[in-house]
There are 2 protein chains.
Amino acid sequence: MFMGEYNHTVDKKGRLIMPAKFREMLNDKFIITKGLDHCLFVYPIDEWEFIEQKLRSLPFTQKDARAFVRFFFSGALETEIDKQGRILIPPNLREFAKINKEVVVIGVSTRIEIWSREEWESYRNDAELSYEQIAEKMVELGL
Amino acid sequence: MFMGEYNHTVDKKGRLIMPAKFREMLNDKFIITKGLDHCLFVYPIDEWEFIEQKLRSLPFTQKDARAFVRFFFSGALETEIDKQGRILIPPNLREFAKINKEVVVIGVSTRIEIWSREEWESYRNDAELSYEQIAEKMVELGL
DNA sequence: TGTAATATGTTTATGGGGGAATACAATCAT
DNA sequence: ATGATTGTATTCCCCCATAAACATATTACA
């Protein structure tokens, strides 16, 4: 279970030191993908394999399915933490999440999210305003 | 499982260095063929045979089925990686995919796709699903 | 059989990614 | 408050993957 918020930096080569708290739980390989709201998702392998199964069954003869599968897999990457506790974020993912130097790494239940600090702050400022409103909507979802 | 996005170049003789990550999984012969959306598909043999099975079951009495099967097989070619880690893309396939020099190689689940960089970028600009659409798709799939 | 054209192989240079070491910051305990 | 310990940031170095130029082999055709 991932939780918490950490301010970190990405070096010139696109490497990020994974927060020590998260490292313990990512001792093996894991997946980084383009996520929603312009951040990156980090999934443990088993979580990913579930998604992979679902996508494999989509027909490549349908335009939308092709586009979706392409987007999802081309933006995905299996990686692991190096001996210094870092991960390498490839250029296309950095570009996608508008990551330059300062990032925020947050734990969100079963996954980790990596945000450009700027994006995170503007998202949080937007979302924070309607926090109570969002909570109201949770009732509809059975929470 | 193929994933990721790599920028590579094709030399004057039509040879392309296959990304190292993909090479490991294409250790023997494999199939390259004309794909959809003006890119090239690369299949490992077993995956190709699987598709072949499916195509074989299509009724050749139907015009569309005949056309599709012709298209798919006539553009296909068995090849392998040379000692320098390269593959040779024959002229007709290069022409088909509008490949000149700069290409993008992407992993798409069970296959690899080779795109002219220009084509890839315009495809992404046109066809890139909005986040809302992606989110919807994910919900449909139960992710 | 010789020559050109094409295919295949080799070599070298460059840059990106991984590792080691060090400096710096933060937390904790005494 | 001070020192110890852990975690984070930065710099430097080295190796491997890639790219490009060059060399050799094979084929086609006169």
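In what follows, chains are A, B, ... by sequence order, proteins preceding strands, each numbered from 1.
- Atom CG in A/Leu16 sits roughly 12 Å away from atom P in D/dT10 (whole-Å rounding).
- Ion pairing between a basic and an acidic side chain is recognised when a charged N comes within 4.0 Å of a carboxylate O; A/Glu52 and A/Arg56 show such pairing.
- A straight line from CD1 of A/Ile81 to C1' of D/dT8 spans 14 Å, rounded to a whole angstrom.
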At under 4.0 Å between heavy atoms, how does the protein contact nucleotides 12-27 of chain C? Give one character per nucleotide, 5' to 3', with B, S or -. -----BBBB-------
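- With the nearest nucleotide of DNA chain D identified for both A/Pro19 and B/Met18, A/Pro19 has the one nearer the 5' end.
- Counting to the nearest Å, the P atom of D/dA17 and the CZ atom of B/Phe22 are 15 Å from each other.
- Rounded to the nearest 0.5 Å, atoms CD1 (A/Ile51) and CH2 (A/Trp48) are 6.0 Å apart.
- Electrostatic pairing of B/Arg111 and B/Glu47 does not count as a salt bridge here, judged by no charged N lying under 4.0 Å from a carboxylate O.
- Contacts between residues 2-11 of chain B and DNA chain D, defined by a heavy-atom separation below 4.0 Å, involve B/Asn7, B/His8, B/Thr9, listed by number.
- Residue A/Lys12 places none of its side-chain N or O atoms closer than 4.0 Å to OP1 or OP2 of D/dA9.
- Residue B/Lys21 is classed as having no contact, given no heavy-atom separation below 4.0 Å to the nucleic acid.
- Between A/Phe72 and A/Phe68, the angle of the ring planes lies from 30° to 60°, which puts this pair in the tilted group.
- Checking side-chain atoms of A/Arg23 against main-chain N and O of A/Ile81 turns up no donor-acceptor pair under 3.5 Å.
- Taking the ring centre of A/Phe60 as origin, the terminal cationic atom of A/Arg66 falls outside the region bounded by 6.0 Å and 45° from the ring axis.
- Checked by atom type and distance alone, the side chain of A/His38 pairs as donor or acceptor with a backbone atom of A/Phe96 at under 3.5 Å.
- Using a 30° and 60° split on the angle between ring planes, B/Trp120 and B/Tyr123 fall in the parallel class, below 30°.
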